[in-house]
Amino acid sequence: MQNNKIFISLASYQDPMLLFTLNDAVARASAPELLRFGVVDQNISDQRGIIGELPFSRHVRYTHLHPQDTLGVSWARNLVFSLYDGEDYLLQIDSHTCFEPGWDNELREQYARLLDQSGRPIISTYPYAFEMVRGTPRYMRYEAKTVVVLRPHTESTLSENNVVLRFSGRHQFSEVHVPGCHLAAGFIFCSGRFIEDVPYDPYIYFHGEEQSLSVRAYTRGWDIFHPANVPLYHLYKPENTPLTTHHWHGDIDTQRSFHSGYLLERSSARLYALFCGSGLSGAYGLGTIRSLDSFIEFSGIDYKTKVIRTPAEGTLF
């Protein structure tokens with residue numbers, strides 16, 4: 001039986017915007033009573049008491065972890081997924097997000113329209129930016145005439161030793177959803193079944209997170225669509241500005257059982273094994289509904305020959 005509930009996945013790392021994001025999601029939802037939050041708060045301070053005072057606290061499943069004990073973004077998002085409890089929909093965002101009024105109904109309606117094209121649609125792209133001005137979010141609402149399509153960055157290449165790619169958003173004129181080969185971890189909306197069908201690989205550290213998820217989803221029969229209208233916004237960090245709250249920054253990193261350097265190397269090797277080596281067994285490996293060769297033809301990202309080509313005609317552009 002359909003419950004129309006949305007499970008909102010929030011893996012937060014020392015983020016002062018977490019409470020803002022929770023409150024804004026509820027305040028701007030058409031049906032806030034149907035929202036359920038899974039929060040893994042990687043923070044020096046346990047905010048359980050503050051969360052408990054929120055008027056919607058019974059809808060927040062909160063877990064606190066000291067930053068010293070965490071092993072990266074995919075590890076944390078894997079833990080968030082364990083807080084899922086059968087909600088119809090999954091919305092994964094970052095903990096520095098703001099929303100348009102009625103964002104929840106908008107995403108449900110987009111999803112319903114896509115069911116005519118796919119039995120397992122995923123709505124995802126890089127959200128547009130917002131900024132905080134004297135404590136108030138400010139953003140520019142874009143007319144839904146272009147779609148941000150995610151493609152490998154022009155300076156990013158595949159090599160014999162490393163298949164981790166950087167991706168960028170390219171504007172394509174369209175008023176409808178555009179099929180894509182890559183998802184954005186900071187904005188995913190799909191069926192809640194995704195959580196059990198494509199679980200996060202906790203051994204992927206940071207870079208390669210979206211590649212692993214995208215290809216594993218594709219080979220399990222899920223279809224990525226980039227939307228013309230994204231009813232939420234992301235607080236991006238200023239370019240070329242290091243943040244002291246990065247997982248790999250500072251003294252905390254030296255206190256962990258696994259340092260960030262090792263986690264990056266392990267993650268890169270794991271991604272290489274998934275795409276170019278003997279593969280990964282079990283839930284973190286490729287699916288059986290579609291092949292890696294099918295993904296290569298669809299996307300133009302050839303992990304076998306280490307060449308990035310223009311996608312097959314009629315697919316992505």
Side-chain angles (χ1 to χ4, degrees), residues 2-67 70 72-108 110-111 122-124 127 130 132 137 183-196 198-200 202 209 213 230-235 245:
Q2 192 169 12
N3 57 46
N4 278 324
K5 295 176 182 177
I6 300 175
F7 176 77
I8 303 178
S9 169
L10 281 164
S12 175
Y13 187 80
Q14 300 196 71
D15 192 346
M17 294 291 292
L18 171 60
L19 291 171
F20 164 84
T21 298
L22 290 169
N23 281 301
D24 202 62
V26 170
R28 296 180 180 272
S30 296
E33 70 278 5
L34 297 177
L35 305 182
R36 301 294 184 270
F37 297 92
V39 178
V40 171
D41 185 17
Q42 303 154 91
N43 207 317
I44 298 294
S45 301
D46 188 329
Q47 302 187 85
R48 193 179 313 274
I50 299 173
I51 296 289
E53 294 177 357
L54 296 173
F56 52 89
S57 61
R58 62 189 180 89
H59 292 165
V60 181
R61 300 158 195 161
Y62 177 85
T63 298
H64 171 258
L65 291 166
H66 191 281
T70 71
V73 64
S74 294
W75 181 88
R77 283 181 166 147
N78 175 282
L79 187 56
V80 176
F81 274 15
S82 73
L83 301 175
Y84 171 70
D85 194 30
E87 289 79 13
D88 280 343
Y89 303 101
L90 162 68
L91 172 64
Q92 179 169 285
I93 55 174
D94 288 333
S95 52
H96 31 274
T97 300
C98 78
F99 300 81
E100 291 182 358
W103 65 268
D104 51 337
N105 280 350
E106 170 65 26
L107 289 177
R108 287 192 192 92
Q110 288 188 31
Y111 178 86
I122 302 169
I123 301 170
S124 184
F130 80 96
M132 295 297 290
L183 53 74
F187 169 49
I188 296 172
F189 187 83
C190 59
S191 167
R193 292 178 299 156
F194 183 89
I195 288 173
E196 297 177 349
V198 194
Y200 253 91
E209 167 200 2
L213 209 61
V230 182
L232 52 85
Y233 301 83
H234 186 276
L235 185 67
T245 54

(request) I would like to know whether Val230 and Phe187 meet side-chain contact (heavy atoms from CB on, under 4.5 Å); could you show each step before the answer? (result) CA-CA 9 Å; Val230 182; Phe187 169 49; 3.8 Å; yes

(request) Check Ala76 against Gln42 and note the closest heavy-atom contact, atom names and distance. (result) CB-NE2, 3.6 Å

(message) I need the Phe37 CZ to Leu18 CG distance, nearest 0.5 Å.
(response) 10.0 Å

(request) State, without any angle test, whether Glu106 and Tyr111 hold a side-chain donor-acceptor pair at a distance under 3.5 Å. (result) no

(message) Within the structure provided, determine whether Ile44 and Gln14 are in side-chain contact (heavy-atom separation under 4.5 Å).
(response) yes

(request) Taking Thr21 for its side chain and Met17 for its backbone only, find out whether a donor-acceptor pair lies under 3.5 Å. (result) yes

(request) Please tell me if the side chains of His64 and Gln47 come closer than 4.5 Å, counting only heavy atoms from C-beta onward. (result) no

(request) Taking Asn23 for its side chain and Leu19 for its backbone only, find out whether a donor-acceptor pair lies under 3.5 Å. (result) yes

(request) Would you mind reporting whether Ile6 and Leu34 have side-chain heavy atoms less than 4.5 Å apart? (result) no

(request) Drop me the distance from Leu90's CG to Ile8's CD1, to the nearest 0.5 angstrom. (result) 9.5 Å

(request) Apply the test side-chain contact (heavy atoms from CB on, under 4.5 Å) to residues Ile93 and Leu232: give CA-CA distance (whole Å), side-chain angles for both, the deciding distance (0.1 Å), then the verdict. (result) CA-CA 9 Å; Ile93 55 174; Leu232 52 85; 4.2 Å; yes

(message) Looking at every non-hydrogen atom in both residues, tell me the closest pair between Gln92 and Ser9 and how far apart they are.
(response) OE1-OG, 3.7 Å

(message) Taking the side chain as everything from C-beta on, heavy atoms only, tell me whether Lys5 gets closer than 4.5 Å to Leu35.
(response) no

(request) May I ask you to decide if the ring planes of Trp103 and Phe99 are parallel, tilted or perpendicular, using 30° and 60° as cut-offs? (result) tilted

(request) Report the distance from atom CD1 of Ile123 to atom OH of Tyr89, rounding to the nearest 0.5 Å. (result) 9.5 Å

(message) Looking at every heavy atom in both Ser57 and Gly52, which two are closest together, and how far apart are they?
(response) OG-O, 3.4 Å

(message) What I'd like to find out is whether the side chain of Tyr62 reaches to under 4.5 Å of the side chain of Ile50, using heavy atoms alone.
(response) no

(request) Locate the shortest heavy-atom distance separating Ser30 from Gly102; write the atom from each residue and the value. (result) OG-CA, 3.2 Å

(message) Within the 4.5 Å heavy-atom criterion, are Ile51 and Leu22 side-chain neighbours or not?
(response) yes

(message) Nearest 0.5 angstrom please: Leu213 CG to Ile188 CD1, how far?
(response) 5.5 Å

(request) Determine which pairs satisfy salt bridge (Lys or Arg N to Asp or Glu O under 4.0 Å) with at least one residue from residues 72-90, sequence neighbours left out, and list them in order. (result) Arg61-Glu87, Arg77-Asp94, Arg77-Glu209

(request) Measure the shortest side-chain to side-chain distance between Tyr233 and Thr97 over non-hydrogen atoms and say whether it is less than 4.5 angstrom. (result) no

(message) Please check: side-chain N/O of Arg36 versus main-chain N/O of Glu33, any donor-acceptor pairing under 3.5 Å?
(response) yes

(request) Give, for atom CG of Asp41 and atom NE2 of His66, the distance between the pair rounded to the nearest 0.5 Å. (result) 11.5 Å

(request) Calculate, to the nearest 0.5 Å, the distance between atoms OG and CG belonging to Ser74 and Leu79 respectively. (result) 12.5 Å

(message) Checking Met132 against Phe20 for the side-chain contact (heavy atoms from CB on, under 4.5 Å) test, could you report, in this order, the C-alpha distance in whole Å, the side-chain angles of both residues, the deciding distance, and whether it holds?
(response) CA-CA 11 Å; Met132 295 297 290; Phe20 164 84; 4.2 Å; yes

(request) Would you indicate whether the side-chain heavy atoms of Ser12 and Val40 approach each other to under 4.5 Å? (result) no

(request) Locate the shortest heavy-atom distance separating Leu107 from Phe189; write the atom from each residue and the value. (result) O-CE2, 3.4 Å

(request) Would you please name every residue forming a ring pair (Phe, Tyr, Trp, His ring centres under 6.0 Å) with Phe7, sequence neighbours left out? (result) Tyr84

(message) For a quick test of reading the model, state the closest non-hydrogen atom pair linking Gly186 to Pro127 and the distance between them.
(response) O-CG, 4.4 Å

